K.L.:
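Following this message is one structure expressed as structure tokens.
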Protein chains: 2
Amino acid sequence: MGESTLRDVAELAGVSPRTVSNVVNGYARVTDATRSKVEHAIAVLGYRPNVLARNLATGRSGQIVVVVPYLDTPYFAELLQTIIPTARKAGYNVLVDQTDGDRDHEVELIGRGPRRFLFDGMIISPLGLSQEDLSLRDPTLPLVVLGERPSDGTFDHVGIDDVAAATEAVRHLISIGRRRIAAIGDQPYPTGEAAQLRTRGFRAAHTAAGLPVDESLIISTTRFNRADGATAMAALLDRADPPDAVFCYSDLVASGAIHTALQRRLRVPEDIAVIGYDDIEDGRYGRPTISTISPDKKAIAQLAVERLIMRIGSTEPVLGVELRAAHRLIPRESTLRDVP
Amino acid sequence: MGESTLRDVAELAGVSPRTVSNVVNGYARVTDATRSKVEHAIAVLGYRPNVLARNLATGRSGQIVVVVPYLDTPYFAELLQTIIPTARKAGYNVLVDQTDGDRDHEVELIGRGPRRFLFDGMIISPLGLSQEDLSLRDPTLPLVVLGERPSDGTFDHVGIDDVAAATEAVRHLISIGRRRIAAIGDQPYPTGEAAQLRTRGFRAAHTAAGLPVDESLIISTTRFNRADGATAMAALLDRADPPDAVFCYSDLVASGAIHTALQRRLRVPEDIAVIGYDDIEDGRYGRPTISTISPDKKAIAQLAVERLIMRIGSTEPVLGVELRAAHRLIPRESTLRDVP
DNA sequence: ATAGTCCTTTGCAGCGCTGCAATGTAACCT
DNA sequence: AGGTTACATTGCAGCGCTGCAAAGGACTAT
């Protein structure tokens, strides 16, 4: 009573193994009589196709891998929550990998190692990869990149319009009367493009409003987490001339920043307004709730998966494309005292 | 310039394919001379072993799957963060699946479907599975179960001592002078064992302190999320005789509960103390910070992976075992006004 | 010198499936 | 009736690797 094979089913049904394969794969041109004979045999034997054998024969694994820097970052967890069912619906299993933002790890994953055979395509949110690193990749790997890493034309890129979104966030702070606005999260080095786009939006909003930018209010951080936000906020508040508002490059940063402000008995938003980015669930439940830029995460996840699967299915090279999902500003208590 | 195979390497190195295989797999009895010839050929051809072919030949996939109800629940995300690298170190890739707590989905995963071939073992945190469902599973599937689902002897179970932990949490509330203590998160139905253990601890602490249990203060919820916590807290506060403390069955529930309390201008912990469960990162940054039961998540993850891999490697059936990780009480601001 | 021992290397067969192209058969046309 | 078309079904070969057991070669002991 071991596992039965295609051949066993064929024998019992009195057809060739190839016909069984046709039935199993839903090949259209099988007569109903044959089909039901085969299906009956399948049921009797409890047959299930051996995916491993199919993989070898077809050269495909039916798996895609999603690579994120940190799994415990709610933003990525929320993305995965849509990516996985979307991929499943299309018949793909999802492998998950975590790089800790480590460049070498990321390079290894996109390179031509043996693991390449395990997935038909990859969705990656790179942190440590430089633009050149990306072109070092296995050229046969269908790739969709999340976050900010302009495409070199051989892969797709899905994200929101970061400059516009950042501009809106800062414009919102200006609109509620703030004039000394800080930014937490800049990353002024080659792999920090995503952060730099937000900084660009930060400047653009100032320019549009005719306000000067105080460069010393732009604080760099290595990551986008709570601890970074808490530390940066402490530095800002230690100044003789602290800001009256802060634009944080993620909701986690905002959460850490607010934590520090409240610890110092400051009122948010009265003494200092804070806006974040990502719209993670925590931000809706904290005290105060966190105003934020809400990217359409479902759209991002679905676009990424669909596009990747299209790439996998295509025989000729597909031109790399920039896909923009929508975003919107959601004001909450951290910038407006009373929100519905 | 396609992919080269074991055979190509063998030809170039002037040895048999089997020898190349031996080198690639680190088989000990290969002379240094042969080994270096082969390694050179591998380098020249840029050969990488085809994992798909290896999988078919060995009948193993080298993958394990981790099945959780919700990926965006920080507790699971934090677990995965340890599970993945631990498995990777042992040479396994990790597939992730999400069930939304849906029983049918869970049953399908542990059953004998074709996907079975894709993983050598499974770590599952079931929500909808009843005890009988668990025995319906594919008996050849090495299985480790997280959360509370006593083993039937054919799989392992990793968790903390929930009754003891819950007892400690409630004892802590009693120790700070609270007498009307509510519980949010009971699940008084067959699949709610995990919750019921906490309820048992809740009662035990009362008994030990010689306090009566007000049954009407035990609130059931279907999930353990923020929304549930917020709703349940609202119901408690609407009572004529609201509680002075609440034991929440997860930190998310606590977060939602605190949110509701603060909205109603109550002070936490002065007016109502709250303690959670899980020790997720949010709880350390909210306002107030959330007192909690902190399970040793790293230990849970590592135990689960190690045990699973042991099971996979073993030829004879392994007796199911209950593995207990440590936990500890962490008092924070939601129960003590001033914490270091 | 011959037999025995040990260790490296090899050949064979097959894991279970699918791609391809061909076979056989039934239905159609003139 | 003969020839053609259409389509269900099949056979072959092979995806690239490993398990097994045996072959071959070097070396030791007598």
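Note that the structure is predicted; figures quoted are calculated from it, not measured.
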K.L.:
Map A/R7 and A/T34 onto DNA chain D by nearest heavy atom, then report which one ends up closer to the 5' terminus.
P.N.:
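Mapping each residue to its closest nucleotide by heavy atoms, the 5'-most match is A/T34.
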K.L.:
What's B/T31 touching, base or sugar-phosphate or nothing? Going by heavy atoms closer than 4.0 Å.
P.N.:
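Sugar-phosphate, backbone atoms only, no base.
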K.L.:
Does A/R115 pair with A/D97 as a salt bridge, N-O distance under 4.0 Å?
P.N.:
yes
K.L.:
Are B/R60 and B/D120 ion-paired here, with the side-chain N under 4.0 Å from a carboxylate O?
P.N.:
no
K.L.:
Ignoring the backbone of A/T58, work out which of C/dT18, D/dC17, C/dC17 is nearest its side chain.
P.N.:
C/dT18
K.L.:
Taking the nucleotide of DNA chain C with the nearest heavy atom to each, does A/R48 or B/R35 sit closer to the 5' end?
P.N.:
B/R35
K.L.:
Do NZ/NE/NH1/NH2 and the carboxylate oxygens of B/D32 and B/K37 come within less than 4.0 Å?
P.N.:
no
K.L.:
At under 4.0 Å between heavy atoms, what does A/Y27 touch on the DNA or RNA strands: base, sugar-phosphate, or nothing?
P.N.:
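Base contact.
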K.L.:
Determine the contact category for B/N25: base if any of its heavy atoms lies under 4.0 Å from a base atom, sugar-phosphate if only primed atoms, P, OP1 or OP2 are that close, otherwise nothing.
P.N.:
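Here B/N25 touches the backbone only, sparing every base.
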K.L.:
When the distance from CZ of A/R29 to C1' of D/dT5 is rounded to whole Å, what number comes out?
P.N.:
13 Å
K.L.:
Applying a 4.0 Å non-hydrogen cut-off, can you work out what A/P17 is touching in the nucleic acid: base, sugar-phosphate, or nothing?
P.N.:
nothing
K.L.:
Heavy atoms only, 4.0 Å cut-off, all strands: where does A/T5 land among base, sugar-phosphate and nothing?
P.N.:
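Result for A/T5 = sugar-phosphate.
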K.L.:
Under 4.0 Å, counting only non-hydrogen atoms across every strand here, what does A/R54 touch: a base, just sugar-phosphate, or nothing?
P.N.:
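Sugar-phosphate: the residue A/R54, judged by heavy atoms under 4.0 Å, touches backbone atoms but no base.
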K.L.:
Heavy atoms from C-beta onward define the side chain here; which of D/dC17, C/dC17, D/dT9 lies closest to that of A/P49?
P.N.:
C/dC17
K.L.:
For the pair B/R48 and B/E3, find out whether any cationic side-chain nitrogen is under 4.0 Å from an anionic carboxylate oxygen.
P.N.:
yes
K.L.:
What is the distance, to the nearest angstrom, from the CG atom on B/N22 to the C1' atom on C/dT8?
P.N.:
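Answer to the nearest Å: 9 Å.
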K.L.:
Does B/R223 qualify as a cation-pi partner of B/Y70, given the criterion of NZ or CZ under 6.0 Å from the six-membered ring centre and within 45 degrees of its axis?
P.N.:
yes
K.L.:
Mind checking if B/V51 touches a base, just sugar-phosphate, or nothing, with heavy atoms under 4.0 Å?
P.N.:
nothing
K.L.:
Find the distance B/E3:CD to D/dG16:P and express it as a whole number of Å.
P.N.:
9 Å
